[in-house]
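Report on the structure given below.
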There are 2 protein chains.
Amino acid sequence: MPTLKDVALAAKVSTATVSLVLNGKNSVSPKTTERVLAAIDELGYRPNMVARSFKTKQTKTIAILVPTITNPIYPAFIHVVEMEARREGYTIILCSYDDGSGPVQTDFLEDLYDRNVDGIIVCGIFNIPKEGNTRKLERIMKAYVNRKTPFVFYSEEEQLQYFIQRSNIDMGVHAALFHTLSIDRNQASYEAVKHLVTSGHRRIALVSESTRFLFPHNIPYMKKLEGYQRALEEANIPFDDALVIAGSDDYRGGAQCFVELQNLENPPTAYVCTGDTLALGVLHAAKNSGKIVPDEISVIGFDNIPVASYWNPKLSTIAVPIETIAREAFKRLYLLMNEFESPPNRLMFDTELVIRESSV
Amino acid sequence: MPTLKDVALAAKVSTATVSLVLNGKNSVSPKTTERVLAAIDELGYRPNMVARSFKTKQTKTIAILVPTITNPIYPAFIHVVEMEARREGYTIILCSYDDGSGPVQTDFLEDLYDRNVDGIIVCGIFNIPKEGNTRKLERIMKAYVNRKTPFVFYSEEEQLQYFIQRSNIDMGVHAALFHTLSIDRNQASYEAVKHLVTSGHRRIALVSESTRFLFPHNIPYMKKLEGYQRALEEANIPFDDALVIAGSDDYRGGAQCFVELQNLENPPTAYVCTGDTLALGVLHAAKNSGKIVPDEISVIGFDNIPVASYWNPKLSTIAVPIETIAREAFKRLYLLMNEFESPPNRLMFDTELVIRESSV
DNA sequence: CTGTTAGCGCATTCAA
DNA sequence: TTGAATGCGCTAACAG
């Protein structure tokens with residue numbers, strides 16, 4: 001394969017000139033430019049991005065970390081980011097940390113550092129090392145900061161705080177590199193529960209994805225739990241921790257949780273779920289056990305994945321503007337990567353409780 | 001950030017020695033090794049993969065091309081590939097060519113070439129340039145072949161043939177670089193239709209994802225169509241092209257197709273769909289219009305995505321061993337990338353017609 | 001077993 | 001506006 005040098009030779013110019021043409025600096029005369037372009041076409045020259053990256057320290061690559069790509073909310077997010085990124089010449093490295101059998105997130109960060117990604121988007125929870133066990137994290141995050149690599153989190157401000165703190169990074173100086181996009185999970189959860197309470201429900205379950213990691217790893221879940229508790233308190237319904245349950249973040253997990261809860265002496269009549277797949281699993285299991293939705297059982301999900309409105313019955317859920325968030329995530333990363341001015345480093349998006357057929 | 005040179009200095013050895021240690025050649029004496037390791041740890045040295053790739057021409061990166069990441073079958077595929085790949089130190093670049101507004105596949109191939117990916121997995125259809133319009137494709141594919149980059153297609157042998165032919169590559173020499181994993185779509189489709197015919201259906205629709213691109217772009221679809229036609233012929237049911245219809249490859253598309261077909265004078269009683277999301281969309285629309293499934297309407301999908309068995313009613317479908325295929329896809333790519341012996345370059349997997357509640 | 005050296009392809013000085 | 005020269009960090013001969 002021809003290199004830039006070959007092009008220079010063919011066009012009878014220096015490599016510097018070819019480079020200038022390639023990078024669109026218009027300091028090259030029209031006819032020289034034309035000669036170079038002709039040579040490029042003639043030889044079928046393709047620039048070697050690895051060499052370029054090696055030189056410039058920019059890979060035009062960003063990484064997306066997601067918990068489980070099999071939860072439909074993440075493909076929706078990824079898809080938007082990919083479209084936006086590609087438009088600007090960036091390519092996506094996908095990291096899903098999924099079932100726990102793979103590497104932990106710190107390992108991802110190390111690998112991505114070695115690969116010189118230009119920016120990182122982190123979705124959802126982040127497994128933050130324990131106090132006193134942060135050496136690896138500290139090192140890698142300081143290296144990132146040193147390199148001015150920007151991060152955008154779709155998570156919770158508070159979680160980012162812990163992350164930064166454990167990384168022992170000086171936020172006074174580096175705050176601008178870390179953006180958080182979030183939604184008011186506490187309020188969203190509160191509203192869902194309140195809606196159920198208003199309809200007369202007293203036994204309301206909270207079904208969530210695995211809670212193996214909690215504080216400070218899973219602040220998004222903690223927020224939802226708080227909203228749930230707040231609504232109960234307000235309605236003078238005593239908190240019953242038997243009604244707070246977790247399963248794998250998929251249909252099966254939801255179904256299992258339902259079965260388990262139905263075995264209680266005084267089973268719940270309403271289910272608030274931290275994700276739509278869980279909620280749909282609950283609906284499935286409810287139907288299996290002969291329960292009528294919403295007459296006997298009410299279910300509310302979270303996220304509003306596409307399938308929610310196609311289900312039978314249509315799922316009531318909390319709609320999250322995931323595409324808008326995804327677009328904003330890349331936009332901010334882009335501004336940061338190119339050292340343009342960027343807005344304040346936190347932004348909260350509105351959610352909306354959408355009542356359809358699965359709840360009364 | 002410290003470089004290999006810094007490590008060499010600190011350990012009082014040459015850069016070559018550090019490199020040897022780093023790459024696990026055990027030609028270095030234990031105590032030297034230890035000194036080097038100590039220096040690495042001391043300095044917090046991290047290898048620069050870009051520099052390494054620049055030198056070795058290996059990026060430890062593979063690309064996955066999928067049509068629409070929002071169709072749940074692809075996340076399932078991607079997830080398995082990612083797990084397998086990461087275990088071997090490879091990272092995934094995701095390319096979804098989705099809604100047509102983005103780049104065409106040839107452009108992806110160019111970008112990936114420039115980025116020096118070590119191997120490529122292509123799922124589904126491939127938009128092959130017209131005869132006489134293949135210059136770009138030829139060039140890029142010849143460059144890939146020249147570099148010995150392996151490809152694994154989850155598609156149809158025939159489609160690969162066209163692709164190779166248009167690329168003007170000498171298959172006599174390079175066949176081993178191109179593997180095809182496939183399923184017998186013709187037969188699967190045939191069996192689905194036959195099952196419906198046996199149950200007494202005479203008006204059977206074929207609902208597919210957009211057929212904007214057909215031969216030779218969408219051989220997978222062509223195969224399904226052939227199986228459909230074969231089963232009809234065998235049952236002496238005349239082919240009616242009003243019953244062959246396409247929509248966007250999602251729930252909405254399926255729902256729209258159903259509505260359209262119901263407006264026919266003599267609407268179908270059974271729906272064979274080329275994907276589960278389409279089938280679920282059909283079920284949704286059927287319910288909306290008051291049709292009873294499976295008493296009045298039968299529906300069969302394709303792929304057996306996770307949600308299929310959780311639907312109400314549970315979807316009858318053709319089960320595809322997508323995880324096995326994904327595992328095999330990476331395995332072959334891996335063997336090829338590392339120039340190990342690999343099996344014959346085509347393999348067909350079995351599918352299974354799973355009758356659940358949506359069909360009689 | 002270890003050190004010396006060359007060079008991968010490119011962008012970017014600095015001169016001319 | 002263009003050319004010559006330098007070096008990014010690493011691996012792989014080759015020599016010792």
Side-chain angles (χ1 to χ4, degrees), chain A residues 1-40 43-61 89 113-118 143 146-147 338, chain B residues 1-40 43-61 89 113-118 143 146-147 338:
Chain A
M1 275 285 96
T3 69
L4 185 145
K5 202 173 163 187
D6 299 320
V7 174
L9 237 54
K12 297 186 202 307
V13 295
S14 75
T15 59
T17 305
V18 179
S19 179
L20 288 174
V21 172
L22 246 45
N23 293 288
K25 322 279 185 200
N26 33 6
S27 67
V28 181
S29 75
K31 42 183 185 183
T32 311
T33 302
E34 202 174 341
R35 247 195 5 263
V36 170
L37 257 24
I40 287 174
L43 298 174
Y45 168 78
R46 303 247 86 218
N48 181 331
M49 288 216 16
V50 177
R52 181 180 287 171
S53 297
F54 177 48
K55 180 70 184 167
T56 62
K57 308 295 171 211
Q58 301 217 353
T59 52
K60 287 280 187 178
T61 302
Y113 179 84
D114 298 345
R115 289 173 181 274
N116 240 288
V117 296
D118 295 341
N146 194 43
R147 202 188 254 174
N338 295 282
Chain B
M1 274 285 97
T3 70
L4 185 146
K5 202 171 162 186
D6 298 322
V7 175
L9 237 54
K12 296 184 203 306
V13 295
S14 74
T15 59
T17 304
V18 179
S19 178
L20 288 173
V21 171
L22 245 43
N23 293 287
K25 323 280 185 199
N26 33 7
S27 66
V28 181
S29 75
K31 42 183 183 183
T32 312
T33 302
E34 200 173 344
R35 244 192 12 260
V36 171
L37 259 22
I40 286 174
L43 298 175
Y45 167 77
R46 301 248 86 215
N48 181 333
M49 288 218 12
V50 177
R52 181 179 288 171
S53 297
F54 177 48
K55 178 70 183 168
T56 63
K57 308 296 169 209
Q58 302 216 354
T59 51
K60 287 280 188 179
T61 302
Y113 180 84
D114 298 345
R115 290 173 180 274
N116 240 290
V117 296
D118 294 343
N146 193 43
R147 202 188 254 175
N338 295 282

Inset, instruction - Under the side-chain contact (heavy atoms from CB on, under 4.5 Å) rule, collect the residues that match up with A:Glu34, sequence neighbours excluded. - result: none
Inset, instruction - List for me each residue that meets side-chain hydrogen bond (donor to acceptor under 3.5 Å, both in side chains) alongside A:Ser29, sequence neighbours excluded, and say none if there are none. - result: A:Thr32
Inset, instruction - Without swapping roles, check the side chain of A:Arg115 against the backbone of A:Thr59 for a donor-acceptor pair under 3.5 Å. - result: no
Inset, instruction - Quick one: label B:Ser53 by what it contacts on the DNA or RNA (base, sugar-phosphate, nothing), any heavy atom closer than 4.0 Å. - result: nothing
Inset, instruction - Pick base, sugar-phosphate or nothing for A:Val13, based on heavy-atom distances below 4.0 Å to the nucleic acid. - result: sugar-phosphate
Legend entry - Segment of DNA chain D, first to last nucleotide, that comes within the 4.0 Å heavy-atom reach of chain B: D:dG9 to D:dA12
Inset, instruction - Take B:Tyr45 and B:Leu22, measure what side chain to side chain contact (heavy atoms under 4.5 Å, CB included) needs, and give me the verdict at the end. - result: CA-CA 11 Å; B:Tyr45 167 77; B:Leu22 245 43; 3.6 Å; yes
Legend entry - Qualifying residues under side-chain hydrogen bond (donor to acceptor under 3.5 Å, both in side chains), relative to A:Asp114, sequence neighbours excluded: B:Arg46
Legend entry - More than 12 heavy atoms from other groups under 6.0 Å of NZ on B:Lys57: yes
Legend entry - Pairwise side-chain contact, A:Ser19 with A:Leu4, heavy-atom cut-off 4.5 Å (strictly under): yes
Atom pairs and distances, side-chain donor-acceptor, residues 6-17 of chain A, under 3.5 Å, sequence neighbours left out:
{"from": "A:Asp6", "atom 1": "OD2", "to": "A:Thr3", "atom 2": "N", "distance (Å)": "2.7"}
{"from": "A:Ser14", "atom 1": "OG", "to": "A:Ala16", "atom 2": "N", "distance (Å)": "3.3"}
{"from": "A:Ser14", "atom 1": "OG", "to": "A:Thr17", "atom 2": "N", "distance (Å)": "3.4"}
{"from": "A:Ser14", "atom 1": "OG", "to": "A:Thr17", "atom 2": "OG1", "distance (Å)": "3.3"}

Inset, instruction - Quick one, give me the B/S/- string for nucleotides 11-16 of chain C, reading 5' to 3', where B means a protein heavy atom under 4.0 Å from the base and S means that only happens at the primed atoms, P, OP1 or OP2. - result: BB----
Inset, instruction - On DNA chain C, check which nucleotide each of A:Phe54 and B:Lys12 is closest to and give me the residue with the more 5' one. - result: B:Lys12
